[in-house]
Amino acid sequence: MNTLFAIALVFVGCCSNVVFLELLVRDFPGCGNIVTFAQFAFIALEGFIFETNFGRKKPHIPLSNYVIMVTMFFTVSVINNYALNFNIAMPLHMIFRSGSLIANMILGIIILKKRYSASKYLSIVLVSVGIFICTIMSAKQVNVEKGATEEDVFYAFMHWLLGIAILTFALLMSARMGIFQETLYKKYGKHSKEALFYNHFLPLPGFLLLSTDIYKHAVLFSQSSPVEVPVIGLSVPVMWLYLLMNVVTQYVCIRGVFILTTECASLTVTLVVTLRKFLSLIISILYFHNPFTAWHWVGTAVVFLGTLLYTEVWSSIRAAVKGEKAEKKAE
């Protein structure tokens, strides 16, 4: 029952989160910093009350290790949202972040000296090819104002290319953080809820560096058209409502993933998250009419095929079917 509830939280929370993020980004493409700050502040407040009991509970993992993890987590979170400032379409943003498997595997080989099966290497090739196809196709769709000169077109393309470089850096940094977490959990045990709190609480002073941009967008949000909130009957600027819903749905999504990690095998968690990403992508394309060509669909299919191959879903299904047949024969 808990597993089904967690899966429902992941799909409802994460897919809704994508919708509200796109509503925010469509009107204010540079609002990534205020969105990230709001998400961090909300999750930190919840963790401070319910996880640390108002700071009275001591952490299981030394704070010095959390500082290193938090530096990486803060960097990844900020630049992932900041990349949206560089004309990166939401579907490409989602597909690119699905390439975390490649980064994890490459750094696993380099840092942890891991070795993988042939099917794992094939899956990484498929994911890489899929992302490459989608990126190349998106490069042809970079938005440029009508009547723009060749110089303007070149500038817009280079601006977009910088966004791709930022996403690539975030992908590698996220993978490095995952490896660091893996080594910490082996040494001190798994304390994912504690890690969730400190990952969101400790970086809060870092947002002072972004305070000017956050304040600017707070003013812009306050100037957006008012909308009446159901049940309460109060009128609030629509962008603040979108931000609130984005933060709440982000929390629901993270809680769902947290419950899944305690209830299911990592394979199940990976599969659920992968399917959720695919559904979010479909919603982004159909609901917001984002440009998506046949080649984009090919690239997306290759990415998800590679992901499923990596998680060995087919092998698990075959093993489960064989197990059922063996049980029937025994009866």
Side-chain angles (χ1 to χ4, degrees), residues 5-21 23-25 31-61 63 65-82 84 97 100 170 173-174 177-178 180-181 184-185 190-211 213-214 217-218 221 239-263 269 272-273 276-277 280:
F5 177 66
I7 291 171
L9 286 181
V10 171
F11 275 92
V12 173
C14 297
C15 292
S16 303
N17 179 259
V18 168
V19 171
F20 288 112
L21 178 61
L23 287 169
L24 287 162
V25 170
C31 70
N33 290 331
I34 192 172
V35 171
T36 309
F37 172 69
Q39 291 174 351
F40 272 55
F42 182 86
I43 293 170
L45 179 62
E46 187 273 343
F48 182 72
I49 297 169
F50 297 106
E51 171 57 23
T52 69
N53 193 18
F54 295 95
R56 288 194 285 265
K57 182 182 172 184
K58 289 185 178 180
H60 294 89
I61 299 173
L63 280 177
N65 287 315
Y66 274 126
V67 169
I68 298 169
M69 191 195 300
V70 157
T71 303
M72 290 188 277
F73 182 71
F74 177 74
T75 305
V76 169
S77 299
V78 170
I79 63 180
N80 258 328
N81 282 333
Y82 187 65
L84 294 168
R97 291 179 70 177
S100 55
M173 179 69 83
S174 179
M177 184 183 75
F180 184 70
Q181 278 180 319
L184 280 185
Y185 289 159
K190 279 192 175 183
H191 304 283
S192 43
K193 199 172 181 187
E194 176 186 290
L196 182 68
F197 165 68
Y198 283 105
N199 277 343
H200 288 82
F201 175 71
L202 292 178
L204 288 178
F207 284 101
L208 289 172
L209 300 171
L210 309 169
S211 57
D213 182 70
I214 291 170
H217 281 91
F221 280 17
M239 298 308 289
W240 282 115
L241 181 62
Y242 290 159
L243 181 62
L244 174 65
M245 294 307 296
N246 175 267
V247 168
V248 171
T249 52
Q250 173 77 356
Y251 174 74
V252 169
C253 176
I254 288 175
R255 287 293 293 152
V257 173
F258 168 73
I259 296 169
L260 267 185
T261 55
T262 58
E263 295 285 331
V269 177
V272 169
V273 171
R276 190 280 302 169
K277 285 179 180 176
S280 296

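Hydrogens, waters and symmetry mates are skipped; everything else that's a heavy atom, side chains included, is used. Throughout, residue positions are numbered sequentially from 1 according to the sequence presented.
- From I61, atom CD1 reaches atom OH of Y198 across 10.0 Å, with rounding to the nearest 0.5 Å.
- Taking D213 as the reference, N33, K216, H217 meet the side chain to side chain contact (heavy atoms under 4.5 Å, CB included) condition, with sequence neighbours excluded.
- Just one of V247, I254, I34 meets the side chain to side chain contact (heavy atoms under 4.5 Å, CB included) condition when paired with Q39; it is V247.
- Taking the six-membered ring for Trp and thresholds of 30 and 60 degrees, F42 and Y251 have ring planes more than 60 degrees apart, a perpendicular arrangement.
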Using the rule given for side chain to side chain contact (heavy atoms under 4.5 Å, CB included), can you reason through Y82 versus T36, listing the C-alpha separation, both sets of side-chain angles and the distance that settles it, and then say yes or no? CA-CA 9 Å; Y82 187 65; T36 309; over 6 Å; no

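- Distance CG/L23 to CG/L243: 12.0 Å, rounded to 0.5 Å.
- Separation of atoms CZ (R255) and CZ (F5) is listed at 9.0 Å; rounding is to 0.5 Å.
- Residue Q250 holds its CD atom at 9.0 Å from CG of L21, rounded to the nearest 0.5 Å.
- Considering all non-hydrogen atoms of both residues, R276 and V10 come closest at CG-O, 3.8 Å.
- The backbone N or O of A170 lies less than 3.5 Å from no partner atom in the side chain of S174, so there is not a single donor-acceptor pair.
- Judged by distance alone, with hydrogens and angles left aside, the side-chain atoms of S16 form no donor-acceptor pair with the main-chain N or O of G13 at under 3.5 Å.
- In terms of the side chain to side chain contact (heavy atoms under 4.5 Å, CB included) criterion, residue partners of F180 (sequence neighbours excluded) are, by chain and number, N65, I68, M69, M72, R176, T183, L184.
- The aromatic rings of H60 and H191 lie parallel to each other, their planes meeting at an angle below 30°, with 60° marking the opposite boundary.
- More than 12 heavy atoms of other residues, nucleotides or ligands shown are found within 6.0 angstrom of OH on Y66.
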F74/F207 under ring pair (Phe, Tyr, Trp, His ring centres under 6.0 Å): CA gap, chis, key distance, verdict: CA-CA 9 Å; F74 177 74; F207 284 101; 5.1 Å; yes

Which is it for C253 and N17 under the side chain to side chain contact (heavy atoms under 4.5 Å, CB included) test, yes or no, and what are the steps along the way? CA-CA 8 Å; C253 176; N17 179 259; 5.5 Å; no

Would you sort out whether N80 and M173 count as a side chain to side chain contact (heavy atoms under 4.5 Å, CB included), showing the intermediate values? CA-CA 11 Å; N80 258 328; M173 179 69 83; over 6 Å; no

Check the pair F73 / H200 against ring pair (Phe, Tyr, Trp, His ring centres under 6.0 Å), numbers first and verdict last. CA-CA 9 Å; F73 182 71; H200 288 82; 5.1 Å; yes

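- Expressed to the nearest 0.5 Å, how far CD of E194 lies from CG of N199 amounts to 10.0 Å.
- Across A195 and Y185, no two heavy atoms sit closer than the pair CB-OH, 3.4 Å.
- A pairwise comparison of heavy atoms in S280 and C15 identifies OG-SG, 3.6 Å as the closest pair.
- The CG atom of L202 lies 6.5 Å from the CG atom of L63; values are rounded to the nearest 0.5 Å.
- With sequence neighbours excluded, the residues that form a side chain to side chain contact (heavy atoms under 4.5 Å, CB included) with L45 are I49.
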Take V12 and V252 through the side chain to side chain contact (heavy atoms under 4.5 Å, CB included) test and state the conclusion after the steps. CA-CA 8 Å; V12 173; V252 169; 5.6 Å; no

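- The shortest non-hydrogen separation linking F48 to G55 is CE1-N, 3.6 Å.
- In plain terms, the two heavy atoms of F20 and Y242 that are nearest each other are CB-O, 3.8 Å.
- Judged purely by atom type and a 3.5 angstrom limit, E51 has no side-chain atom pairing as donor or acceptor with the backbone of K193.
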